[in-house]
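Only one structure is covered here, and it is reproduced in the block below.
Letters A, B, ... mirror the listed sequences (proteins, then strands); counts begin at 1. Here the structure is a predicted model, which means the values were calculated and not measured.
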Amino acid sequence: MPFTLATWNINSVRLREALVAKLMEEEAPDVLCLQECKSPVDKIPTERFRELGYGHMVARGQKGYNGVAILSKLPLRDLGDKDFAALGHARHVAAEIEGGPVVHNFYVPAGGDKPDRAVNEKFGQKLDYLSEMRDWFRDEAPRNAILVGDLNIAPREDDVWDHKKMLKVVSHTPVEVESLGAAQEAGGWVDVTRKDLPEGQLYSWWSYRSPDWDAADKGRRLDHVWATPDIASAAHSSRILRAARGWEKPSDHAPVFATFDL
DNA sequence: ATGGTAGATGTTCTA
């Protein structure tokens, strides 16, 4: 059962219903994981998605902020969610692709502006969220599992446009990179995108605050596809659809794809 | 050191 999966921070699923539909029509991943839906679950425009073949959804939502959804052509079984760091936010949901792997969909807290938990509570919450992810993966020992989402950290030097300039910028500070690495290691997760594309600069996000985002290209790789080692070798053909960042009224994130031959 | 843009909501917060 080969299937293609995509992850995309959509920054309002209601405002960008047409862009989600465009991705479904033109790229047709079997499973599409969205973050920042910014919508209660019952207000997600599922009718259009169902018409395009995505008849299955497992989602968590809240009004105005956060929100994660797994839309699928393949049947899903809801496996619940975890409220890491007890924030009361809709930032995680898990589902089993029936007869196949488990998919975890994450929206890790962005962490505010200042990378110092003493003056910025949000940064502390981000680090706490990551350490609770680490503890959970250590206890769960996941197998036959895929983890995707906006992890709000660009871990490698070639995941940001300028490593030195970014060392004190939230998303690329050493303490964040270390915390994400600890969570990754605790679950044994393989970075599928970098397994397939080990060389060179790779970005999935470009700020709205740069009108010439394409030419300036000051991007970061914040969106990730991970898999447990038992299925990571079945993954291939990873890619980032940079073109979607240039669509009309775009999200500030581009979708990240991987295919699994399982 | 600052501001630049965007979305949901509502007279501001979050990213």
What does the B/S/- profile of nucleotides 5-15 of chain B look like, 5' to 3', with a 4.0 Å heavy-atom cutoff to protein?
BSSSS---BSB
Can a donor-acceptor pair be found between the side chains of A/N11 and A/H253 at a distance below 3.5 Å?
no
With a 4.0 Å cut-off on N to O distance, would you call A/D83 and A/R60 a salt bridge?
no
For the P atoms, the ones on B/dT9 and on B/dT14, what distance do you get once it is rounded to whole angstrom?
15 Å
Examine A/H224 together with A/W189 and report whether their ring centres are nearer than 6.0 Å.
no
Checking side-chain polar atoms at under 3.5 Å, does A/E176 have a donor or acceptor matched by the opposite partner on A/S171?
no
Taking only the C1' atom of each, what is the distance from B/dA1 to B/dT12 in whole angstrom?
23 Å
Got a sec, which residues hit side-chain hydrogen bond (donor to acceptor under 3.5 Å, both in side chains) with A/D252, two or more places apart in sequence or on another chain?
A/W205
